[in-house]
Amino acid sequence: MLGIRHYKNSAIDLWQGDITTFVCDAMVNAANTKLAGGGGVDGAIHEAGGPSIMEECNKIGGCPTGQAVSTRAGQLPCQWIIHSVGPVWQGGRSGEQKLLALAYRNSLCEAERLGVRHVAFSSLSTGVYRFPFEEASNIAMKEVKDFLDCEKDPVKKNEVKRITFVLFSLEIYSVFQKALFKAFPEKA
Ligand code: AR6
């Protein structure tokens, strides 16, 4: 069973592995508000991309939770890194769902603003920030669908043609696959 769906002239697909080896136009990093680097996917991206990414992050200075900013990608196999800040899970009663949705939405808007065609997401907030996978995957797919549905937005140029979720383990891959098929059911 392939992890791919087509919707409104775009493809949404899944890939299992390390995002730093994934060839695309823009990679979405799970960053923190200080853009200070750290562990997880953030650490891997800075490590593989080289110091120029951190130099740009330092110039930007920070990014509030739910927002996204972009830098060039250094030595990574893409042109841009979109640094997106998801919320820390605190039990689900502090607006985490809304903030995660915003982080996805603002990353997609940033991709659109940059004019990229293929954007690859890491699974925001589901590592160090402990957001439960199933809920996070459903939020991610809903935001992608809303974004692709929103054709009247004047800033939207419909540049993004492929959205890939890069999942680190097979376990996370299957959770996202379920969410993908739920949000984008196959036409009869
Ligand atoms: N490729 C793809 N996915 C990965 C990779 C990788 N190389 N490495 C980890 N993951 P996390 P967060 C998955 O912790 O929860 C950092 O220190 C991982 O399995 O990277 O948003 C930042 O600086 C998980 O499913 O991000 C922040 O301080 C997902 O990526 C904080 O962690 C996200 O896990 C952000 O925490």
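Whatever order the structure lists ligands and atoms in, that order sets their numbers, starting from 1. All values below come from the heavy atoms of this structure, side chains included, with hydrogens, waters and symmetry mates left out. None of these values were measured; they are calculated from a predicted model.
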Does ligand 1 come near enough to [X] that some N or O of the ligand is less than 3.5 Å from an N or O of the residue?
X	answer
Thr20	no
Ser122	no
Arg130	no
Val166	no
Val41	yes
Val128	yes
Ile172	no
Gly127	yes

(message) What I want to find out is whether Lys59 reaches Glu56 closely enough, with some N-O distance under 4.0 Å, to be called a salt bridge.
(response) no
Counting distance only, does the side-chain N/O of [X] pair as donor-acceptor with the main-chain N or O of [Y] below 3.5 Å?
X	Y	value
Asn32	Gly37	yes
Asn106	Ala68	no
Ser10	Ile163	no

(request) Record the part of Phe131 in heavy-atom contact with ligand 1 below 4.0 Å; permitted values are side chain, backbone, both and neither. (result) neither
(request) Number the atoms of ligand 1 from 1 as they appear, then name those within less than 4.0 Å of a heavy atom of Gly37, with their elements. (result) 23 (O)
(request) May I ask you to list the atoms of ligand 1 that are less than 4.0 angstrom from any heavy atom of Ala30? (result) 21 (O), 22 (C), 26 (O), 35 (C)
